[in-house]
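In listed order, ligands and their atoms are each counted from 1. Residues: numbered from 1 along the sequence shown.
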Amino acid sequence: MSQTQTKDESSLNELDPNWRNDALDLGLDYGMQTIAVRAGQHRTDEGEHSEPIFTTSSYVYTSASDAAAHFDGTKTGNVYSRHTNPSVRTFERRLAALENGERAVATASGMGAILTMCLAYLKAGDHLLAANQLFGSSIGLFDNYMAKFGVEVSYVDCFDNEAWASAVQSNTKVIYCESPSNPLAQICDIGYLSELCKANDILLVVDNCFATPALQRPLELGADVVIHSATKYLDGQGRVLGGALVGSDKLMQEAFTVVRSGGISMSPFNAWVFTKGLETLKLRMQAHCANANQVAEFLVRHPNVSKVHFSGLSDHPSHELTKRQHHMKDGYGAIMGFEVKPSDSGDSHGFNAKVAAWHVIDSTQMVSITNNLGDAKTTITHPATTTHFRLSPEARAEAGVEDSLIRLSVGLEDVEDIIKDLARGLDSL
Ligand SMILES: *Cc1c(COP(=O)(O)O)cnc(C)c1O
């Protein structure tokens with residue numbers, strides 16, 4: 001494979017922004033882990049084994065007429081790194097292959113990908129129908145900016161299929177959800193939403209940040225566009241910001257034009273970090289999920305935990321749906337919410353949910369108190385006073401973000417140490 005592969009890949013020097021996802025030029029009989037390690041590589045004449053970083057803002061032409069040909073469209077190729085960059089393209093091709101999409105478009109951050117989605121697929125007068133359980137900044141973008149440009153926005157419970165159906169309007173153009181969602185790890189029925197969208201000429205956009213293609217491929221379940229905050233698990237070690245959209249050639253061309261015109265482009269260095277991150281994504285997700293399953297079992301049995309929001313638990317209402325949508329056995333993701341409540345506190349005896357939650361967080365010695373997630377390091381946060389602080393109390397309540405809620409992103413440390421660290425505060429409530 002590798003010799004012909006190298007030749008073919010070199011010719012991609014000439015490829016234009018319209019390249020297709022032929023990362024599966026590896027051959028359809030290759031497995032996902034092979035694709036994660038090898039797809040999309042752009043090997044130069046130097047014969048480097050690892051993927052290089054192309055830190056260049058522009059590109060040279062062989063002559064004035066060659067330059068002109070790049071601009072009038074008779075010749076395709078790199079022009080400027082706001083448009084295309086070989087390191088960014090390698091990441092895009094590898095991610096597209098892993099999501100089983102035709103093409104990916106990389107962006108400067110996850111929010112950059114969501115903004116690109118809005119600018120590409122919505123205009124004034126359109127309706128954006130979204131799940132009410134979303135990353136806080138997504139809600140901010142929709143409410144403060146899309147609304148400002150005349151897009152109507154409304155929200156429904158992501159797990160309530162009937163609510164979705166009855167909220168569809170004649171001007172609904174995009175349905176937007178996360179599954180699992182932030183911070184309560186709620187699950188959308190992507191297949192159902194896909195049918196609903198197809199029947200009503202709506203685009204289904206799924207933020208796959210929490211599951212990653214290692215656990216779930218929304219395009220295979222009927223979604224039109226997948227959104228990523230690559231900042232999270234795709235990097236997996238909390239180093240750089242980035243995002244991406246994945247979907248059909250046609251939809252990605254529309255997104256690409258927005259990124260190029262708006263300057264929402266990914267840096268080549270960040271693209272390189274993500275490309276290398278994808279190589280170990282599945283192995284890391286397996287380890288994250290195994291740890292998360294054990295942490296959830298510990299929390300569920302703890303007398304001072306009143307509720308655990310994690311669809312890996314067999315009595316979770318979306319447990320079976322998650323099993324159907326996720327293709328890794330016992331892989332439910334590694335982000336969960338849990339609510340604290342001392343078992344002997346009567347509601348009226350001065351129990352202060354925020355004080356109790358903060359006590360658990362402040363009693364940890366190892367896990368990081370930070371709002372980031374999807375990191376090798378376990379992170380803990382109090383959504384009501386951090387990530388979801390800017391929402392109105394009503395919006396917070398609607399999103400299920402109680403003062404007693406703690407969000408945990410289970411990392412790759414020894415699981416015994418994670419559990420011991422959480423027990424410090426829980427045991428002494
Ligand atoms: C972090 C996050 C985003 C935004 O990504 P950034 O890279 O921080 O811009 C979007 N969606 C979800 C689910 C996230 O967790």
Side-chain angles (χ1 to χ4, degrees), residues 88 91 95 99 104-119 128 130-146 155 158 174 176-188 190 205-216 218 223 225-246 255 259 262-267 269-271 273-274 277 285 288 309 311 333-337 368 370-375 377 379-381 383 386-391 399-401 407-411:
V88 175
F91 165 66
L95 180 65
E99 285 285 5
V105 172
T107 54
S109 66
M111 289 317 302
I114 299 168
L115 174 64
T116 299
M117 180 281 291
C118 292
L119 295 176
L128 165 64
N132 61 19
Q133 274 270 322
L134 291 182
F135 185 68
S137 298
S138 304
I139 297 175
L141 174 70
F142 297 161
D143 285 352
N144 300 331
Y145 297 99
M146 286 309 108
Y155 300 93
C158 79
V174 168
Y176 185 87
C177 64
E178 297 170 5
S179 190
S181 72
N182 182 39
L184 293 187
Q186 291 177 344
I187 306 296
C188 300
I190 298 173
V205 181
V206 177
D207 183 332
N208 201 29
C209 175
F210 280 25
T212 83
L215 299 181
Q216 169 176 272
V225 175
V226 166
I227 297 278
H228 273 290
S229 168
T231 315
K232 313 296 167 51
Y233 287 112
L234 304 193
D235 171 4
Q237 293 166 68
R239 297 166 291 192
V240 294
L241 283 164
L245 305 92
V246 193
V259 170
I264 316 171
S265 326
M266 178 179 281
S267 105
F269 175 78
N270 292 8
V273 172
F274 296 132
M285 290 311 288
H288 275 291
H309 303 271
S311 72
I335 293 161
M336 63 189 72
S368 314
T370 172
N371 46 289
N372 195 31
L373 54 87
D375 196 296
K377 297 178 172 69
T379 66
I380 195 165
T381 190
T386 60
T387 52
H388 290 67
F389 172 66
R390 284 183 192 287
L391 299 189
V401 178
R407 187 190 69 192
L408 195 64
S409 167
V410 178

Give every pair formed by an N or O atom of ligand 1 and a protein N or O atom closer than 3.5 Å, one pair per line with both atom names and the distance to 0.1 Å, or write none.
from: ligand 1; atom 1: 5 (O); to: Ser229; atom 2: OG; distance (Å): 2.9
from: ligand 1; atom 1: 7 (O); to: Gly110; atom 2: N; distance (Å): 2.8
from: ligand 1; atom 1: 7 (O); to: Ser229; atom 2: OG; distance (Å): 2.9
from: ligand 1; atom 1: 7 (O); to: Thr231; atom 2: OG1; distance (Å): 2.6
from: ligand 1; atom 1: 9 (O); to: Gly110; atom 2: N; distance (Å): 3.1
from: ligand 1; atom 1: 9 (O); to: Met111; atom 2: N; distance (Å): 2.8
from: ligand 1; atom 1: 11 (N); to: Asp207; atom 2: OD2; distance (Å): 2.7
from: ligand 1; atom 1: 15 (O); to: Lys232; atom 2: NZ; distance (Å): 2.7

Check: In this structure, which one of Leu245, Val226, Leu234, Thr212 forms a side chain to side chain contact (heavy atoms under 4.5 Å, CB included) with Leu95?
Finding: Leu234
Next item on the list: Please test His309 against Met336 for side-chain contact (heavy atoms from CB on, under 4.5 Å), starting from the C-alpha separation and ending with a verdict.
Entry: CA-CA 6 Å; His309 303 271; Met336 63 189 72; 5.9 Å; no
Next item on the list: Report the relative orientation of the aromatic rings in Phe91 and Phe274; use parallel for angles under 30°, tilted for 30 to 60°, perpendicular for over 60°.
Entry: tilted
Next item on the list: Report yes or no: is the cationic atom of Lys232 (NZ for Lys, CZ for Arg) under 6.0 Å from the centre of the six-membered ring of Phe135, at an angle within 45° of the ring normal?
Entry: yes
Note to self: Under the rule for ring-ring contact (aromatic ring centres under 6.0 Å, His included), what residues qualify as partners of Phe142, not counting sequence neighbours?
What the structure shows: Tyr176
Checklist line | Donor + acceptor pair across side chains of Arg407, Asn182 (<3.5 Å) | finding: yes
